[in-house]
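Notes follow the structure.
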There are 2 protein chains.
Amino acid sequence: MTGGYSITELSQEFDVTPRTLRFYEDRGLLAPARRGTTRIYSDRDYTRLKLTLRGTRLGFSLEECKEIMDMYDPSRRLNSRQLLRLCAKIREHRNALLAKLRDIEATLDAMDEVERKCLDTLLSEPA
Amino acid sequence: MTGGYSITELSQEFDVTPRTLRFYEDRGLLAPARRGTTRIYSDRDYTRLKLTLRGTRLGFSLEECKEIMDMYDPSRRLNSRQLLRLCAKIREHRNALLAKLRDIEATLDAMDEVERKCLDTLLSEPA
DNA sequence: TGCTAAGTTGACGTTAACGTCAACTATAGA
DNA sequence: TCTATAGTTGACGTTAACGTCAACTTAGCA
């Protein structure tokens, strides 16, 4: 336990604005406790925020991030049917990620080639 | 040479709407020739579209895609200063891609663990 | 207890990336 | 030559993901 984070603490930690954290709460991605009216973010909020930002960096929508995190949530007890559905979802998400991975590798390869040509030209040129 | 693609041919090939292609042209990503008023897309347009879609899938903006493609354009002759700038840009983009790659790997690892727990629970349960 | 800094809730604004008409125009085949 | 089909140009609409006030309220501390 950390005693919780204030909204500015958490926003500075992840380099986002407080507005973003309130917006994420509005969309159901975060669910901070309250002391009076003031928000107190838990470790759970911390990791959900981390996952959310990781997801958006990869081009997933907030809605998709929420869906994934809600399914993966370890605090929920799932029955067999739900567990099977979760496994299916995982495969789906994994495939999406692997597709992105291939996109990245293709781009990296292309960049390597451009760089090589670039250096070749530089080295074969007069000073 | 392929003789060029019509707007619907190209849009169907990549599963986007004609509107998207016109929009990309407006933003300087594509530059189709014209027969009368009708657009004719070249192989260059084809590959620029492919790269654009690949970029957006990875979360890059159209502006970033354009910047990268314009720099990498092999039809331009660059002097040493420009070549060095290009090399620097390549390193920059490569770092961005490697960061995304790490994000993906972290997510894949997390998903593997959830799946493992998921299967464990399923297998240890009564029918 | 009074003040400053931090936090809160609306409400409206903004930007990117298209979608969706509407109103023409051009082109190819019968 | 006529007509159906594909294409064109505006212009306005939409959605996601926040930004930006404004107007209060709260909380810690000298």
Side-chain angles (χ1 to χ4, degrees), chain A residues 2-42 45-46 48-70 93 96 100 103, chain B residues 2-42 45-46 48-70 93 96 100 103:
Chain A
T2 49
Y5 311 83
S6 79
I7 193 166
T8 37
E9 280 171 6
L10 194 60
S11 67
Q12 285 171 1
E13 175 100 13
F14 287 99
D15 198 33
V16 296
T17 68
R19 172 69 175 110
T20 300
L21 300 186
R22 295 197 193 98
F23 181 70
Y24 286 179
E25 178 178 356
D26 191 58
R27 295 308 179 89
L29 295 160
L30 303 177
R34 301 283 181 131
R35 175 158 45 193
T37 70
T38 303
R39 277 165 253 255
I40 300 174
Y41 294 89
S42 67
D45 291 315
Y46 183 100
R48 283 180 68 101
L49 178 56
K50 187 165 77 176
L51 294 176
T52 300
L53 295 175
R54 190 185 276 166
T56 58
R57 282 196 301 267
L58 294 176
F60 291 106
S61 72
L62 294 181
E63 191 57 40
E64 289 171 316
C65 292
K66 175 174 159 51
E67 191 202 343
I68 299 175
M69 291 190 303
D70 286 351
H93 293 138
K100 283 179 199 288
D103 277 339
Chain B
T2 47
Y5 312 82
S6 77
I7 192 164
T8 37
E9 282 172 6
L10 195 58
S11 67
Q12 285 172 1
E13 174 100 14
F14 287 100
D15 197 35
V16 296
T17 69
R19 172 69 175 108
T20 300
L21 300 185
R22 297 198 193 97
F23 181 70
Y24 286 179
E25 178 179 356
D26 191 59
R27 294 308 179 88
L29 294 160
L30 303 177
R34 299 285 179 130
R35 177 158 44 192
T37 69
T38 303
R39 278 165 253 254
I40 300 173
Y41 294 90
S42 67
D45 290 315
Y46 184 99
R48 283 180 68 100
L49 178 56
K50 186 166 78 176
L51 293 177
T52 300
L53 295 175
R54 189 185 277 166
T56 57
R57 280 197 301 267
L58 293 174
F60 291 106
S61 72
L62 293 181
E63 191 57 40
E64 289 171 317
C65 292
K66 175 175 159 50
E67 191 203 343
I68 298 176
M69 291 189 304
D70 287 351
H93 293 137
K100 283 181 198 291
D103 277 339

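Sequence lines set the chain letters: A, B, ... in the order given, protein chains first and strands last, and positions in each chain run from 1.
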Pairing residues for A/T56 by the side-chain hydrogen bond (donor to acceptor under 3.5 Å, both in side chains) criterion, not counting sequence neighbours: none

Integer-rounded Å distance: D/dT25 P and A/R34 CZ: 16 Å

Side chain to side chain donor-acceptor pair (under 3.5 Å): pairs with one or both residues in residues 9-21 of chain A, sequence neighbours excluded: A/E13-A/Y46, A/T17-A/T20

Counterpart residues, salt bridge (charged side-chain N to carboxylate O under 4.0 Å, His left out), relative to A/D45 (two or more places apart): none

Spacing of A/D26 atom CG relative to C/dT8 atom P, expressed in whole Å: 14 Å

Those residues that, when tested against B/R27, pass side-chain hydrogen bond (donor to acceptor under 3.5 Å, both in side chains) (two or more places apart): none

Value in whole Å for how far the P atom of C/dA6 lies from CD1 of A/I40: 17 Å

Separation of B/R48 CZ from B/T52 OG1 (nearest 0.5 Å): 6.5 Å

For atom CG of A/L29 and atom P of D/dA16, their distance in whole Å: 13 Å

Per-nucleotide protein contact string for nucleotides 17-26 of chain C, where B marks a base within reach and S marks sugar-phosphate only (heavy atoms under 4.0 Å, - for neither): BBBB------

A/E9 CD - D/dA27 C1' separation (whole Å): 14 Å

Any residue meeting side-chain hydrogen bond (donor to acceptor under 3.5 Å, both in side chains) with A/R35, in chain and number order, not counting sequence neighbours: none

